[in-house]
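Remember, predicted model here, so these are calculated numbers, not experimental data. Numbering of residues begins at 1 and proceeds along the displayed sequence.
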Amino acid sequence: MKNIVIISIASILLGVLAFTFPSVDSKTNSAEGIEFKKSQWKDILVLAKKEKKLIFLDIYATWCGPCKKLKSKTFTDKAVGNYYNANFINVTLDGEIGEGLELAKKYKINAYPTLLFINEEGTVVAETVGFYNAKEFLKLGKATISN
């Protein structure tokens, strides 16, 4: 009888925990979208050189509506993720703190979101500002690669 009570309590607790905590596959942590690297900028430049890829840098602000929409709608799109993960080193930084602030100053960012495509030397090869839906964002990435 004691074992049945323990098993019942454990089952209830596991059910509550599963309901309380979101799945790793939730929309905000989707493995289908863009995978952003979490490294120091100098290491990103080294990686870009090693992999012979451009860097896609999203500089955002936490209060920015279009930035939030990019993160929730565009960056989580499966086709966008497939293309950008295969062709770019992807980085996203808050332009108002830490290394994001330093890069925002370096690249003279004056609006959010600013989307930069940067070579391994740290030179901007393409730049745009604002929200893009998934289809437009794919077109932007492909145009950048072909130039």
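I44 places none of its side-chain heavy atoms less than 4.5 Å from the side chain of V46. Contact check for V125 versus N147: no side-chain heavy atoms found under the 4.5 Å cut-off. N90 places none of its side-chain heavy atoms less than 4.5 Å from the side chain of K37. Contact check for E32 versus D77: no side-chain heavy atoms found under the 4.5 Å cut-off. Two residues are said to be in side-chain contact when any heavy atoms from C-beta on lie closer than 4.5 Å; I118 and Y107 meet this criterion.
Here the shortest heavy-atom pairing between L70 and G130 reads CD1-O, 3.9 Å. Here the shortest heavy-atom pairing between L45 and N119 reads CD2-O, 3.9 Å. Heavy-atom minimum distance, D43 versus S39: CB-CB, 4.2 Å.
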Mind listing the side-chain donor-acceptor pairs of residues 91-99 below 3.5 Å, one per line with the distance, residues two or more places apart or on another chain?
| from | atom 1 | to | atom 2 | distance (Å) |
| --- | --- | --- | --- | --- |
| T92 | OG1 | D58 | OD2 | 2.6 |
| T92 | OG1 | K71 | NZ | 2.9 |
| D94 | OD1 | E96 | N | 2.9 |
| E96 | OE1 | W63 | NE1 | 3.0 |
| E96 | OE2 | W63 | NE1 | 3.1 |
| E99 | OE1 | W41 | N | 3.1 |
| E99 | OE2 | W41 | N | 3.1 |

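Under the 4.5 Å side-chain heavy-atom criterion for ILVMFWY residues, a single connected hydrophobic cluster contains both I145 and F56. Both F75 and L138 sit in one connected hydrophobic cluster of ILVMFWY residues. Membership requires side-chain heavy atoms under 4.5 Å apart, directly or through other members. When hydrophobic clusters are built by joining Ile, Leu, Val, Met, Phe, Trp and Tyr residues whose side-chain heavy atoms come closer than 4.5 Å, directly or via intermediates, Y132 is grouped together with F36.
Put simply, NZ on K106 and CG on L116 are 11.0 Å apart, with the number rounded to the nearest 0.5 Å. Distance check, rounded to the nearest 0.5 Å: NZ of K73 to NZ of K68 gives 14.0 Å. Here I89 contributes atom CD1 and L47 contributes atom CG; the two are 4.0 Å apart, rounded to the nearest 0.5 Å. Here L57 contributes atom CG and L115 contributes atom CG; the two are 8.5 Å apart, rounded to the nearest 0.5 Å.
Between the T114 side chain and the I109 main chain, no donor and acceptor come within less than 3.5 Å of each other. A donor-acceptor pair under 3.5 Å is formed between the side chain of E136 and the backbone N or O of N133.
Evaluated for a ring pair (Phe, Tyr, Trp, His ring centres under 6.0 Å) with F137, the options F117, F88, Y83, Y84 yield exactly one hit, Y84.
Cation-pi geometry between K69 and F131 is satisfied (NZ or CZ under 6.0 Å from the ring centre, within 45° of the ring normal).
Scored by the salt bridge (Lys or Arg N to Asp or Glu O under 4.0 Å) test, K49 finds E121 as partners (sequence neighbours excluded). Taking E102 as the reference, nothing meets the salt bridge (Lys or Arg N to Asp or Glu O under 4.0 Å) condition, with sequence neighbours excluded.
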